[in-house]
Amino acid sequence: MLGRFRSAVYNAIGGLEEDGVVASTLRQGGSPTHSKPSREKYRYQRPHFLRLETEDEIQVTADHAVRPIIVPRDVSALPWAAGYAETINAGKSRHNEDQAMARQGSIGVLVGGKMEQIPYTVFAVFDGHAGAGCAVTASNDLWAAVQARLESVATQLVGGEGGAKWFSRTISAESLVIGALESAFWDTDQKIGEEKKVYNMPGGCTVLMAVFILGKLYVANAGDSRGVLCRAAKAYPMSYDFTPVTERTRLMQLGKLAPHLLGEEYTWLEYSRRPLRKDIGSRMLYRDAHMTGWAYKIIQESDMKFPMVFGEGKRSRLLATIGVTRGFGDHDLRAQAQHGTVLIKPFLSPQPEVRVLDVDTETITVDDVLVLGTDGLWDVVTNDEVAAIVARGLQAWDNESRAGKYRYISLAQDLVMAARGKLKERNWRRGNGDPATIDDITVLVIPILPYKQEQVGVENDVVETEVEQNTGVQQVVVEVVGNRLDEGMEAMEVEKEVNGKDNHTISVGELVGEDAQVEVE
């Protein structure tokens, strides 16, 4: 009974239990609609740059009572000494269902008989639900889809300032990169759908990716994770949250155009409150799919169906089941229905919104950082709070000192700490006394200036600049090296002075030592 109550509570606040998909695939009689594969494509893991290889190492990070903040110990594990921190949920699922990845690579393209390279850097966070399998798969596979799509337009990307010429229409390089990201998201989701038939890959995940390429920053978002550019203590959103509330119009219009997808128990109409049987014959405010305002209607028997979008804020649900509307996976997720089968996937979309920052033309300083975080951060910390924490943190570090290289890891840790809070009287509370998040939290803090310096040829990693004369126009070919992400560098916790032991930051030695213990205040 207690287990059922806890499951109901967590489902109400935004999480789906790891076995939620299994439950939702049961028919009224209680038997599964199909047998689930038992083989996994990837075993459960934490991000590769943390270098947590054994089950024991991973298990220590999964302490729901302590919720240790995990950060890389080796600052060179991430490009540009970017910061990363994570912590597990307070018990809503066995695993930390968030994932993250970072990668540097290049795309080869033949120009004038000579092979040139287009370097790029990718960061991404994935927020899993109803299991970690989909997020783990996406964190391993999405970059390859992005690489393939970028390679398919590589020749056009270096075709000059005007972009690619298609008959009388000019298509910019920026549009080609955006199209490559959009296509890669759809490709990956389709691949996951096919692989779910072969592998045990429960649930789904939201996706937030930042790509630095050709002097620009592209932030692609499908879900409710968020990217924010922090500049001079101000926050500039680089993504838009996709939830049942923010996508109500799209969902309702789809439901109206294809009512068979809703079965016999759901309606695309929205009401000022849910109609009850006693309301039949009375007037009530409602909104149809094509409406932006409200009007009255007489409640009838057909209005007893459950609204496909119900609730507000983090409690909003699509088909009374899921709190996100974009991302990967969930191909087998079904809504509860007394009659027939109502699949949720037709209403979900992997389509990302892509926003662009032109780094080449912007004035970038050491204070400009991009924060990527899963909703565990943003549920309790506002954009402006994040910007203020980043500004204070940057001022506290001497960028010229040896310790200065840890500043972005420290910032990521501070942001996770702000959202996780401290355990007080069996409840997690923020510093101001407000409730803290009990969800998984993942944060990346990415400096923009190092990329700007690479572009202008002053970063140390730029080892060769060759100027050629080609048809009277100078071409600067910059070759970037130093991709050390795949060299297996050991990474875990950064050693940082904190007040007391509330931070619960643990080191590699504590992870692998026989007498390792985690103390809490």
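Below, all heavy atoms of this structure are taken into account, side chains as well, without hydrogens, waters or symmetry copies. Everything numeric in this text was worked out from a predicted model, so none of it was measured.
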Colleague: For K216, enumerate each residue passing the salt bridge (Lys or Arg N to Asp or Glu O under 4.0 Å) test, keeping only those at least two apart in sequence or located in another chain.
Modeller: E174
Colleague: Mind checking whether L217 and I446 have side chains closer than 4.5 Å, heavy atoms only?
Modeller: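 No - every pair of side-chain heavy atoms lies 4.5 Å or more apart.
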Colleague: Between D288 and K297, does at least one N-O distance fall below 4.0 Å, as a salt bridge requires?
Modeller: no
Colleague: Could I get the full list of salt bridge (Lys or Arg N to Asp or Glu O under 4.0 Å) partners for R283, not counting sequence neighbours?
Modeller: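 Expected list: none.
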Colleague: Would you list the pairs meeting ring pair (Phe, Tyr, Trp, His ring centres under 6.0 Å) in which at least one residue belongs to residues 320-353, sequence neighbours left out?
Modeller: F185-F328
Colleague: For Q253, is the CD atom crowded, meaning more than 12 foreign heavy atoms sit under 6.0 Å from it?
Modeller: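 Check passes, neighbour count above 12.
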Colleague: Not counting sequence neighbours, which residues clear side-chain hydrogen bond (donor to acceptor under 3.5 Å, both in side chains) with Q59? List them please.
Modeller: none
Colleague: Which residues satisfy the salt bridge (Lys or Arg N to Asp or Glu O under 4.0 Å) test with E264, sequence neighbours excluded?
Modeller: none
Colleague: Which residues satisfy the ring pair (Phe, Tyr, Trp, His ring centres under 6.0 Å) test with Y236, sequence neighbours excluded?
Modeller: none
Colleague: Kindly state each residue pair satisfying ring pair (Phe, Tyr, Trp, His ring centres under 6.0 Å) with at least one member in residues 291-320, sequence neighbours excluded.
Modeller: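 Applying ring pair (Phe, Tyr, Trp, His ring centres under 6.0 Å) to every pair that reaches into residues 291-320, excluding sequence neighbours, yields F306-F310.
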Colleague: Under a 4.5 Å cut-off applied to non-hydrogen side-chain atoms, are E182 and P352 in contact?
Modeller: yes
Colleague: With E312, which residues qualify under salt bridge (Lys or Arg N to Asp or Glu O under 4.0 Å), at least two apart?
Modeller: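 If we apply the salt bridge (Lys or Arg N to Asp or Glu O under 4.0 Å) test to E312, skipping adjacent residues, the hits are R248.
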Colleague: Can you pull the ring pair (Phe, Tyr, Trp, His ring centres under 6.0 Å) pairs that have at least one residue in residues 369-392, sequence neighbours excluded?
Modeller: none
Colleague: How would you list, by chain and number, every residue that makes a side-chain hydrogen bond (donor to acceptor under 3.5 Å, both in side chains) with R226, sequence neighbours excluded?
Modeller: D241, N383
Colleague: Cation over ring, R67 on W428, under 6.0 Å and within 45°?
Modeller: yes
Colleague: What's the shortest heavy-atom distance between A135 and E97, and which atoms?
Modeller: CB-O, 3.6 Å
Colleague: Looking at P72 and I409, what are the two nearest heavy atoms and their distance?
Modeller: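 That would be O-CD1, 3.4 Å.
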Colleague: What ring pair (Phe, Tyr, Trp, His ring centres under 6.0 Å) pairs are there with at least one residue in residues 258-293, not counting sequence neighbours?
Modeller: none
Colleague: Salt bridge check, R250 against E247: does any charged N sit closer than 4.0 Å to a carboxylate O?
Modeller: yes
Colleague: Taking NZ, NE, NH1 and NH2 as the nitrogens, is one of them in D368 or R231 under 4.0 Å from a carboxylate oxygen of the other?
Modeller: yes
Colleague: Hey, is K197 close enough to E195 for a salt bridge, meaning N to O under 4.0 Å?
Modeller: no
Colleague: Listed by chain and number, what are the ring pair (Phe, Tyr, Trp, His ring centres under 6.0 Å) partners of Y199, not counting sequence neighbours?
Modeller: none
